[in-house]
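The figures that follow rest on heavy atoms only: side chains count, while hydrogens, waters and symmetry mates do not. Naming convention: chains lettered A, B, ... in sequence-line order (proteins, then strands); numbering from 1 in each chain.
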Amino acid sequence: EPEVTQTPSHQVTQMGQEVILRCVPISNHLYFYWYRQILGQKVEFLVSFYNNEISEKSEIFDDQFSVERPDGSNFTLKIRSTKLEDSAMYFCASSPGTRGLNEQFFGPGTRLTVL
Amino acid sequence: RKEVEQDPGPFNVPEGATVAFNCTYSNSASQSFFWYRQDCRKEPKLLMSVYSSGNEDGRFTAQLNRASQYISLLIRDSKLSDSATYLCVVNRGNSGGYQKVTFGTGTKLQVIP
């Protein structure tokens with residue numbers, strides 16, 4: 001069964017450094033998403049991406065964040081200058097984009113630790 | 001009012017019991033609804049989509065009440081393996097690319113032997 005994959009599983013970085021989190025969505029899906037979950041808290045929407053552009057972003061997704069689909073398979077989240085409060089689990093998801101419910105399938109996540 | 005609200009629990013129920021969770025949403029423009037389960041430190045996994053007419057999948061039944069703006073999940077004959085956090089998810093998206101997805105805080109279920 002196809003699945004969303006994410007690398008790395010765990011990233012440790014120093015405050016102020018740039019990080020890039022990578023995701024490979026399910027191959028025939030059209031919508032891509034990034035979420036974060038701070039330990040013990042709810043899953044928070046960051047951004048959705050469709051047709052090679054951002055379709056929606058939350059107030060969390062400020063100028064420090066960017067997303068890219070550099071080729072036909074990868075979908076990346078870049079944090080330009082990490083802060084301590086960026087420490088969280090980051091989940092990538094994709095959905096098929098057909099009319100109707102548009103169910104999302106999640107990757108296993110990247111745990112980001114900012115020191 | 002929060003966009004999506006759930007009782008955080010925990011719900012502690014014995015094996016074999018029936019348990020129900022509710023979730024309310026505030027935006028009447030919401031279009032699609034889902035239940036996910038999340039195990040500790042794992043990713044959310046889709047449990048069920050919620051259809052307007054209600055739907056059932058084995059021991060799980062989901063209902064949508066648009067007039068009162070809530071969705072429900074019923075689990076019959078609870079198993080130990082049902083212990084998890086159940087997330088209510090509401091999407092205001094459309095097929096034209098707009099997707100605004102909101103997760104509830106989740107309801108924790110603990111099934112006790």
Legend entry - Cluster overlap A:Val19 with A:Ile60, hydrophobic side-chain contacts below 4.5 Å: yes

Legend entry - B:Leu47 with B:Val111, same ILVMFWY side-chain cluster at under 4.5 Å: yes

Legend entry - Heavy atoms from other residues, nucleotides or ligands near CG of A:Asp63 exceed 12 (cutoff 6.0 Å): no

Legend entry - Under 4.5 Å from any heavy atom of chain B - which part of A:Phe49: neither

Inset, instruction - For side-chain contact (heavy atoms from CB on, under 4.5 Å), just list the numbers for A:Val43 and B:Tyr36, CA-CA rounded to whole Å, side-chain angles, deciding distance to a tenth of an Å, and then say yes or no. - result: CA-CA 11 Å; A:Val43 176; B:Tyr36 282 75; over 6 Å; no

Inset, instruction - Name the option with the most non-hydrogen atom pairs under 4.5 Å to chain B; the candidates are A:Glu44, A:Glu53, A:Arg111. - result: A:Arg111

Legend entry - A:Gln104 side, atom CD; B:Phe34 side, atom CZ - distance, nearest 0.5 Å: 7.0 Å

Inset, instruction - Report yes or no: do A:Leu46 and A:Leu21 belong to one cluster of Ile/Leu/Val/Met/Phe/Trp/Tyr joined by side chain heavy-atom distances under 4.5 Å? - result: yes

Inset, instruction - Residue by residue, scan residues 78-94 of chain A and write down, ordered by number, those that have a heavy-atom distance under 4.5 Å to chain B; if none do, write 'none'. - result: A:Met89, A:Phe91

Legend entry - Verify same cluster id: B:Val4, B:Val50 (apolar side-chain graph, 4.5 Å): yes

Legend entry - Max heavy-atom pair count under 4.5 Å with chain A, selected residue of B:Lys45, B:Gln38, B:Lys42: B:Gln38

Legend entry - Heavy-atom closest contact (A:Phe45 atom, B:Val101 atom, distance): CB-O, 3.4 Å

Inset, instruction - Would you kindly confirm whether B:Leu74 and B:Phe60 end up in one hydrophobic cluster when ILVMFWY residues are joined by side chain heavy atoms under 4.5 Å apart? - result: no

Inset, instruction - Would you mind telling me which of A:Lys57, A:Gln41, A:Lys42 has the largest number of heavy-atom pairs within less than 4.5 Å of chain B? - result: A:Lys42

